[in-house]
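Only this structure's heavy atoms are used, side chains among them; waters, hydrogens and symmetry mates stay out. Keep in mind that what you see is a predicted model, and the values were worked out from it rather than measured. Just so you know, ligand 1 is whichever comes first in the structure, and atom 1 is the first atom listed for that ligand.
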Amino acid sequence: MLAEVRTWLDQRTSRAEDWDIGTLLRAKRGQRVSVVLPARNESATVGAIVAAIRTALREAVPLVDEIIVIDSRSTDDTARVAAEAGAAVFHQDQVRADLPLGSGKGEALWKSLFVATGDIIVFVDADLIGFSPSYVTGLLGPLLTDPAVAYVKACYDRPLTGSEGPALDGGRVTELVARPLLNQYWPRLAGFVQPLSGEYAGRGDVLRQVPFMSHYGVELALLIDLLEQVGLDALAQVDLGLREHTHQSTADLGVMAAQIQHTARIRLARSGRLAGDGAASTELVQYTRGATGRYRPLPRDTAISERPPAASLQPQLV
Ligand SMILES: O=c1ccn([C@@H]2O[C@H](COP(=O)(O)OP(=O)(O)O)[C@@H](O)[C@H]2O)c(=O)[nH]1
Ligand SMILES: O=C(O)[C@@H](COP(=O)(O)O)O[C@H]1O[C@H](CO)[C@@H](O)[C@H](O)[C@H]1O
């Protein structure tokens, strides 16, 4: 591990319990806080998360100023459940509808930048099981108390829900793809325990200065781009203890893994570290047994795209 990363790990890692509500309220000093949940078909979990944030951090104390759910083309009643729990709900395709359509989680998060009014924006996945408001207070701690910090990632133990025993085998794409890639090509980011964590927070004006990769490339691209934009010492991480969420199938994580590999390839090409044009196929052929019992190819599309920094866009003509 680089000496710089060792120092960073010691100086820029805190724990959720280090940040009490009183300290945060005193440090807030008029800064607005938005919590954003990207949600695609999360009606089973989004309501409890929104309600927990609303009651503990908006009604009990004036820490969170707005709770936004970006409905990411859900086909269930995510939007209704989120609204009933107290969130302001926006459909990702209806925000900046003047622009060509984009897709995936990264699109949902980028579109939130056009509707969130917070000086600080906290992102929380909408599929969490056993969510605690301490996830939000922990992430806000470094940002509200240290102006030198611009972006904070969560870290936690990640059990593979449903597995037997205490196997902390969650974060499969993190361990098998993202962590090796970061250590190989961006070793200054090797101190992040959970580089793909879906809970993170940043200053709105900083988040609007970097591009957003679509789909599941967004977290890796944000880390790489923010390292370049603000420097390692402006990045931090907070130990939230444990995080459980609903898991995707291994096949679907294969698509996610390919999207993350494309993200790394695109960033390596941009920095001149790839020979040639760095082109690669975006088709991923997986296999399933057909009705005849023989294997049948299942081509999957893993193409990703990139949105420019939100601040670079002309305001929408009304
Ligand atoms: O096109 C998408 C895909 C995912 N998500 C949301 O992004 C978060 C993380 O996605 P997911 O749970 O699929 O990823 P995982 O946690 O399994 O890696 C969840 O709140 C999803 O509802 C989204 O808003 N749009
Ligand atoms: O970290 C991971 O390996 C993946 C999959 O987690 P699991 O193996 O289902 O626990 O989950 C994360 O990755 C996505 C891509 O960056 C994020 O969008 C998710 O929020 C995060 O849960």
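Salt-bridge annotation for E219 and K105: present, with a side-chain N of the basic residue lying under 4.0 Å from a carboxylate O of the acidic one.
Remark: minimum distance from atom 2 (C) of ligand 1 to any protein heavy atom is reached at K105 N, 3.5 Å. Closest to atom 12 (O) of ligand 1, if we only count protein heavy atoms, is D127 OD2, 2.9 Å. Ranking the protein heavy atoms by distance from atom 6 (C) of ligand 1 puts P38 O, 3.5 Å first. What sits closest to atom 17 (O) of ligand 1 on the protein, heavy atoms only, is Q248 NE2, 3.1 Å. When only non-hydrogen protein atoms are considered, atom 8 (C) of ligand 1 lies nearest to D125 OD1, 3.4 Å.
Checking D239 against T13 by side-chain atom types alone, no donor-acceptor pair falls below 3.5 Å. Using modelled atom types and a 3.5 Å distance limit, the side chains of E42 and T78 yield no donor-acceptor pair. Between the side chains of Q248 and Y216, at least one donor N or O lies within less than 3.5 Å of an accepting N or O. Side-chain N/O atoms of S197 and R158 include no donor and acceptor closer than 3.5 Å.
Only the side chain of E42 comes within contact range of ligand 1, with a heavy atom under 4.0 Å; no backbone atom does. Of the heavy atoms in H245, only side-chain atoms (C-beta onward) come closer than 4.0 Å to ligand 1. If you look at M256 next to ligand 1, the close heavy atoms, those under 4.0 Å, all belong to the side chain. Under 4.0 Å from ligand 1, the heavy atoms of S72 that appear belong solely to its side chain.
Through side-chain heavy atoms spaced under 4.5 Å, either directly or across other Ile, Leu, Val, Met, Phe, Trp or Tyr residues, I266 is tied to M213, I304.
In this structure, the side chain of T302 does not engage the main chain of V255 through any donor-acceptor pair within 3.5 Å. A donor-acceptor pair under 3.5 Å is formed between the side chain of S214 and the backbone N or O of S305. Side-chain atoms of W8 do not come within 3.5 Å of backbone N or O of G191 as any donor-acceptor pair.
For ligand 2, residues of the protein lying within 4.0 angstrom by heavy-atom distance are K105, D125, R158, G170, G171, R172, V173, T174, L196, G198, Y216, E219, R243, H245, H247, L253, M256.
Near A126, meaning under 4.0 Å from any of its heavy atoms, are these atoms of ligand 1: 20 (O). In summary, the atoms of ligand 1 found under 4.0 Å from a heavy atom of A39, numbered by their order in the structure, are 22 (O), 24 (O).
Ligand 1 has an N or O atom lying under 3.5 Å from an N or O atom of Y216, backbone or side chain. The shortest N or O to N or O distance between R243 and ligand 1 is not below 3.5 Å.
Contact annotation: the side chain of V210 never approaches that of P309 to less than 4.5 Å [non-hydrogen atoms, C-beta and beyond]. Counting only heavy atoms from C-beta outward, the side chains of D225 and R270 approach each other to under 4.5 Å.
Cluster annotation: I67 is not connected to L207 through the hydrophobic network of ILVMFWY side chains, with a link wherever side-chain heavy atoms come within less than 4.5 Å.
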